[in-house]
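Below is one structure, written out as structure tokens; the observations come after it.
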Amino acid sequence: MLTCVIRYQIDPTKKAQFETYAQNWGQAIPRCGADLIGYFAPHEGSSTLAYGIYNIESLAAYEAYRQRLMGDPLGQENYAFAQREKFLLREDRTFLKLASAPHGDRP
């Protein structure tokens, strides 16, 4: 299992647009085959950093998922929305694997 962490730099004056974008992905991503953990918008501290996090089985599964997402009507609409509204200033995608498991019990 891999975890994809997308780090966004967003226009701080367009936080509402990012939240709409995040809500749309909340529908499209699970439908297209990834296990969405969530999208996170700025709240305290930085007003420009946001994240999208989901799990995917493998890089091969990621490629198939991306193809489904590109063909999904809401996915297509969301890509166009981001291009039109220009609230995403930068997007970095990293794939991580869990290294701390198994986790211990809390006292």
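If you read the sequence from its start, that first residue is 1, and numbering goes on from there.
Under the 4.5 Å side-chain heavy-atom criterion for Ile, Leu, Val, Met, Phe, Trp and Tyr, Y79 and I10 are members of the same hydrophobic cluster. Residues L59 and M1 do not share a hydrophobic cluster, clusters being chains of Ile/Leu/Val/Met/Phe/Trp/Tyr side chains in contact below 4.5 Å. Hydrophobic clustering (ILVMFWY, side-chain heavy atoms < 4.5 Å, transitive): V5 and I37 are in one cluster.
Between L98 and T3 the shortest side-chain heavy-atom distance does not fall below 4.5 Å. At a threshold of 4.5 Å between non-hydrogen side-chain atoms, the residues W25 and N78 count as touching. Contact annotation: the side chain of F18 approaches that of L88 to within less than 4.5 Å [non-hydrogen atoms, C-beta and beyond].
The shortest heavy-atom contact between T48 and S46 is N-OG, 3.1 Å. The two residues F95 and C4 come nearest to each other via the heavy atoms CE2-CB, 3.8 Å. Closest non-hydrogen pair, G33 versus R68, comes out as CA-NH2, 4.0 Å. Between L36 and G26, the closest heavy-atom pair is CD2-CA, 3.5 Å.
The 12-atom threshold is not exceeded at NE2 of H43, counting heavy atoms of other residues, nucleotides or ligands nearer than 6.0 Å. Other residues, nucleotides and ligands contribute over 12 non-hydrogen atoms within 6.0 Å of the CZ atom of R31. Heavy atoms from other residues, nucleotides or ligands lying under 6.0 Å from CZ of R90 number 12 at most.
Ring pair Y62/Y54 is parallel by interplanar angle, where below 30° counts as parallel and above 60° as perpendicular.
When the salt bridge (Lys or Arg N to Asp or Glu O under 4.0 Å) test is applied to R66, no partner is found at least two apart in sequence or on another chain.
Y21 and Y39 form no side-chain donor-acceptor contact under 3.5 Å, judged by distance and modelled atom types alone.
A distance of 6.0 Å or more separates the ring centres of F40 and Y8.
Of the possible donor and acceptor atoms, one in the side chain of K15 sits under 3.5 Å from a partner among the backbone N and O of P42. Q76 places a side-chain N or O within donor-acceptor distance of the main-chain N or O of M70, the cut-off being under 3.5 Å.
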